[in-house]
Amino acid sequence: MWTHSLLIALLALTPLGLFALLFRRVREKATLGANLLGGVAALGGLCALATWALESFLWRVTQLHIEPNAQAGTSSLLAMLLFAAPLEEGSKVLVVWPLYQLQRLRLRADALLAATAAAAGFAAVEGALYLSTTESALPLVRGLLGAVGHLFFAGLWGYVLGQRSRLHWLGAIWFAAMLFHGLFDHIVYGRGVGTLVVGALLCVAMVLVMALIVKDVFADKRRPAPSGSVRLQHLTLAELTQAMRVREQPLMLHWIVIGAFVNTGVVISCVALGVFVGHRIGVDFAAANEADMRSNGPLVLLGTAVMAAFPIAGYLLARASGARSVLEPAMGAAAAIAAVVLLLSMAAPVAVVFALAVAPVAFGLACSGAWFGLSRQT
């Protein structure tokens, strides 16, 4: 019993610890104090209690399930996207919005910390409640992955909330964060144990994007654009989005079409290489099964191959096209991703969930690869 209590405490403290690390990193750029943020986290925890009660009532009345269930089918995904995700992400906004109305979120760091504080409190209480319903250790893994998702997706709309010039994007960013948070939670909580590695890989991507957001909070806008050799430390989220807007020449539609084919070709080549490497090292691709832990090996190998293809394709297209922005490579990658999702919807509908969940990561990798390609032209 004490071991299970220790696991509950660990799951509850993890999101709070992640927030503490974020606070320590950006507090010199923020005006909100630790006491106020602690109160925001406490309100987030109260929202978690309320949403847990509402969701439990709904699942009991409607007989819906958001956890793996052989009879749930697509109903678990719909329950997550239509009810759980909007309620959970919306409740965090309710906690943070009064601070915005009181004009306490004038800085990007303040809005980022307020949103993630609400998410940390929410994730702490939700994780403790979730793990208290079972004696298995597997929910601990699911809860840890889910905690990262709570902080990341709240951080996305919180980052936008702190920028007056981008407030018109807040509704769209919140909706996108809610939608992809629902897809992520469905993979983590609503699929078999064999797919948890996908959630883990997505968490790695979330940490990298959050690092870019934090870096952007500290970015010196007066710093000149990099020239000469490409160095990773020059890449910030602001510069990447700026490269999407800069237009010194007409939009080259033919390179968008070429980019779609280049992305598709590079993905196929990388997957083929991954299969070849897998056979050489003895990976059993036939073991891929959603309910089997042995499927994690093939998924990691093939997933890494697919993700590696997008920055490579973006870089090659930027170098070949001579474009002054990453818009053409980005639109080419988006077209390729849309084509893959369309094909999967006809051939393997279940795979669409995974394709949609990783689509933003693939798109971001393509843009990053293109950015590095553009940097070498300057």
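Model, not experiment: these values are computed from the prediction.
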Go through the steps to decide whether Phe184 and Phe152 satisfy the test ring-ring contact (aromatic ring centres under 6.0 Å, His included), and finish with yes or no. CA-CA 11 Å; Phe184 172 76; Phe152 172 74; 8.8 Å; no
Parallel, tilted or perpendicular: ring planes of Phe153 versus His181, cut at 30 and 60 degrees: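 The arrangement is parallel - the two ring planes meet at less than 30°.
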[X] and [Y]: same hydrophobic cluster, using ILVMFWY side-chain contacts below 4.5 Å?
X	Y	value
Tyr189	Leu138	yes
Val197	Leu183	yes
Leu16	Val148	no
Leu87	Leu78	no
Val266	Phe261	no

Residue pair [X] / [Y], side-chain heavy-atom distance below 4.5 Å:
X	Y	result
Phe310	Val361	no
Cys47	Val95	yes
Leu32	Leu105	yes
Leu36	Arg104	yes
Thr14	Leu10	yes
Leu196	Arg142	yes

Does Arg108 use its side chain to pair, donor to acceptor, with the backbone of Gly162 at less than 3.5 Å? no
Closest approach of [X] and [Y], non-hydrogen atoms and distance?
X	Y	result
Ala84	Trp59	CB-CZ2, 4.3 Å
Ala118	Lys92	CB-O, 4.3 Å
Lys29	Leu107	O-CD1, 3.5 Å
Pro329	Gly314	CB-O, 4.2 Å
Leu202	Ala357	CD2-O, 3.9 Å
Val96	Leu161	CG1-CD2, 3.9 Å

Among Ile8, Leu144, Leu11, Leu131, find the residue that satisfies the side-chain contact (heavy atoms from CB on, under 4.5 Å) test when tested with Pro139. Leu131
From the options Leu46, Thr51, Leu49, select the one residue that forms a side-chain contact (heavy atoms from CB on, under 4.5 Å) with Phe122. Thr51
Report the distance from atom [atom1] of [X] to atom [atom2] of [Y], rounding to the nearest 0.5 Å.
X	Y	atom1	atom2	answer
Phe175	Leu170	CZ	CG	14.0 Å
Asn263	Leu317	CG	CG	7.5 Å
Leu112	Leu156	CG	CG	9.5 Å
Phe83	Glu88	CZ	CD	9.5 Å
Ser91	Leu43	OG	CG	11.0 Å
Met206	Leu201	CE	CG	11.0 Å

Listed by chain and number, what are the ring pair (Phe, Tyr, Trp, His ring centres under 6.0 Å) partners of Trp52, not counting sequence neighbours? none
Could you work out, with ring pair (Phe, Tyr, Trp, His ring centres under 6.0 Å) as the rule, every residue matching Phe23, not counting sequence neighbours? none
Restricting to salt bridge (charged side-chain N to carboxylate O under 4.0 Å, His left out), what partner residues turn up for Glu55, sequence neighbours left out? none
